[in-house]
Q: 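Quick one: this structure, given as structure tokens, is what I'll be asking you about.
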Amino acid sequence: MVVVSNPSVEAVNLSKKFGVFVAVSNLNLKIEGSKCVGFLGPNGAGKTTTLKMFTDLIRPSSGQALINGINVHTEKKKALASVGTLIETPEIYPSLTPREGLTMIAEIRGVPASERKKRIEEAVADVRMQEWMDKRVGKFSKGMKQRICIASALLSNPSILLLDEPTTGLDPRGMSEVRDIVKSLKSKKRLIFMSSHLLSEVSDVCDEVAMIDHGKLIVYDTIPNVTAKFSGGGNAVEVGLQHAIDEALLANTIARFPDVMGAEKKDAKTLIIKFSGGLDVQERLLDDLVRLNIGVVSFKPTSSELEDAYLKLIKDTL
Amino acid sequence: MIDMTETQPIFGNTVPSSMAQVGIITKYTFLDYFRSRRFFVLLIITVLIGALLTALVYFRPEAFTSSSLSPYAFYSTWWGNSINFVIILSGIFFGGDAISGEFQNKTGYFGIPNPIRRSSIYVGKWVGAFIAASLMFLVFTGITVGNGLAHGSGIPFQFVESFIFAWFYLAAVLGVTFFFSSLFKSSSISILVTVILFLFVFNLLGSLVLPLIQVEPWFIITYGAGIIGNVLQVPYPQHETVLNAGPRGGFSLSTFNSTVPEGLVIIAIYFIVTAVLGLLFFERKEFT
């Protein structure tokens with residue numbers, strides 16, 4: 001058995017035109033290794049079109065979509081053999097049950113018969129749909145179908161996952177569960193290429209980010225590098241207090257907490273604190289504020305470095 | 001092209017050969033059809049047609065076994081007049097949205113982004129639909145033969161011939177419906193075009209327009225399918241019959257009957273051409 005040690009997804013001068021409209025223009029992007037890459041861009045930027053070219057749903061007008069160095073359009077079976085996909089919200093044949101639909105995919109993908117049942121049950125358990133396993137899909141809600149399709153992407157244990165807005169249609173709990181699944185896949189040495197409109201989601205689960213606008217790649221780098229280069233500086237949280245605090249405490253203590261870049265009052269009982277760093281810093285900041293006994297009653301992020309960078313890079317959108 | 005080889009494993013699984021994948025798609029397409037409401041509805045329609053004819057045979061047996069008709073009058077009247085309708089209905093029910101539904105209903109997003117050729121999906125769906133349609137065909141055949149035996153007509157060899165021609169015609173009709181289903185992304189348009197063509201345009205051209213202008217409708221599939229009923233007539237109907245009509249023979253009307261080889265060739269050409277074109281369209285169509 002040949003095992004791909006360094007999975008890769010590569011676009012080489014990849015373009016797609018629909019008549020005179022250029023959806024993707026000379027995209028050159030290579031992502032490889034075990035990581036999660038967020039694919040960001042405004043509506044109509046070309047994210048889904050790009051992912052569709054990597055999954056044989058549409059053909060490139062020019063250029064190549066390569067998976068593990070194999071052209072998806074000339075050697076589809078080989079290229080997609082180790083890829084799990086979720087593009088838009090697929091529909092499963094309505095008279096089939098999830099067990100049957102997933103068995104079909106498992107058979108197509110060559111999951112050994114001896115492992116099929118176990119793999120399907122595990123994938124369905126991952127998306128919390130066990131009790132619906134033998135009900136017909138035709139009666140499912142959009143979110144339930146999305147969960148089954150996520151299970152379908154996972155069940156062949158792929159080395160690469162191409163996910164197009166995977167949390168679309170899910171309730172908040174479902175969104176959180178999908179993020180946990182993606183995080184757990186990262187630890188299993190998978191390459192995940194995931195488009196999303198949710199910057200907080202990308203910040204939470206991805207290591208790198210590729211931004212696209214008007215079909216052109218704007219930037220591809222690690223999230224810290226992108227935010228360092230393009231963000232106005234720092235994340236921000238809004239802190240609600242039970243009673244007002246004095247300016248001295250704000251200026252001399254809170255504003256001098258580690259990684260805090262600035263603190264100001266929004267009103268008598270609300271503070272805006274800017275800081276650099278991720279969730280770890282945010283957690284420590286909350287802890288430090290609580291220790292001050294100043295009556296913290298709420299604590300919520302207001303903007304993020306990635307959002308700042310995104311808004312600076314993606315100026316004119318459709 | 002459908003290859004027979006397995007794709008080498010890249011990350012643990014050995015992807016089956018394209019031929020094996022055709023079998024997988026066939027199995028699940030048939031299962032989906034078999035459980036669907038449309039299967040049940042078509043089964044009821046088929047049984048109703050059979051029941052109606054059974055009632056007619058019971059109350060008016062002379063209409064089916066008149067001595068002025070051929071020795072196979074029962075089958076000629078019963079089968080020759082109704083099986084085409086059952087076949088066309090089956091083609092529309094099981095083929096009309098088979099491919100367009102992949103786009104419109106988004107089921108294609110579930111199957112296509114997998115290591116499987118589009119041709120395997122197309123062929124697998126066609127075979128699944130053919131099996132489902134064949135079940136209807138066999139149900140109607142069963143009702144026909146049951147009545148034939150009950151009325152002492154036995155099962156003549158000509159009926160076996162007609163049965164084989166009809167089954168072949170079913171394959172061609174499904175080829176045509178899959179072609180239209182592949183051509184259009186909307187299921188309702190593909191079904192509508194198929195219905196209009198088979199139930200109106202072909203019939204109108206074959207029975208009215210072309211006889212008037214005295215052109216043999218060799219390019220119409222329903223003309224070729226005429227062999228299904230004609231083979232049950234003795235003698236086999238003449239290839240061309242000219243009828244002078246109107247005052248002082250004002251105009252001529254030609255009635256054409258395809259010969260058996262001609263009919264088989266027409267059906268085969270429809271089957272092959274539409275299958276190839278339908279597959280090509282599906283290969284090139286994009287999920288935009």
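Letters A, B, ... mirror the listed sequences (proteins, then strands); counts begin at 1.
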Q: With a 4.5 Å heavy-atom cut-off, do B/L53 and B/S82 have their side chains touching?
A: yes

Q: Check each atom of B/N105 against the heavy atoms of chain A and say whether the ones under 4.5 Å are side chain, backbone, both or neither.
A: backbone

Q: Is it the case that atom NZ in A/K183 sees more than 12 heavy atoms from other parts of the structure closer than 6.0 Å?
A: yes

Q: Any heavy-atom pair between the side chains of A/N68 and A/S82 that's under 4.5 Å?
A: yes

Q: Heavy-atom distance under 4.5 Å to chain A: side chain of B/R284, backbone, both or neither?
A: both

Q: Kindly indicate whether the side chain of A/L163, heavy atoms from C-beta on, has any atom under 4.5 Å from the side chain of A/F193.
A: no

Q: At a heavy-atom distance under 4.5 Å, which candidate from A/I108, A/D56, A/L96 has the highest pair count against chain B?
A: A/I108

Q: Could you check whether B/D32 pairs with B/K27 (Lys NZ or Arg NE/NH1/NH2 to Asp/Glu carboxylate O, under 4.0 Å)?
A: no

Q: Find out whether the Lys NZ or Arg CZ of B/K106 is both under 6.0 angstrom from the six-membered ring centre of B/Y109 and within 45° of the ring's axis.
A: yes

Q: Looking at A/E75, A/K16, A/E115, which one has more heavy-atom pairs under 4.5 Å with chain B than the rest?
A: A/K16

Q: With a 4.5 angstrom heavy-atom cut-off, which part of A/F18 approaches chain B: side chain, backbone, both or neither?
A: side chain

Q: Top residue by heavy-atom pair count (under 4.5 Å) with chain B, among A/L80, A/I58, A/L57?
A: A/L57

Q: Using heavy-atom distances under 4.5 Å, tell me whether A/I105 contacts chain B through its side chain, its backbone, both, or neither.
A: side chain

Q: Could you check which of A/L162, A/I160, A/T103 has the highest count of heavy-atom pairs closer than 4.5 Å to chain B?
A: A/T103

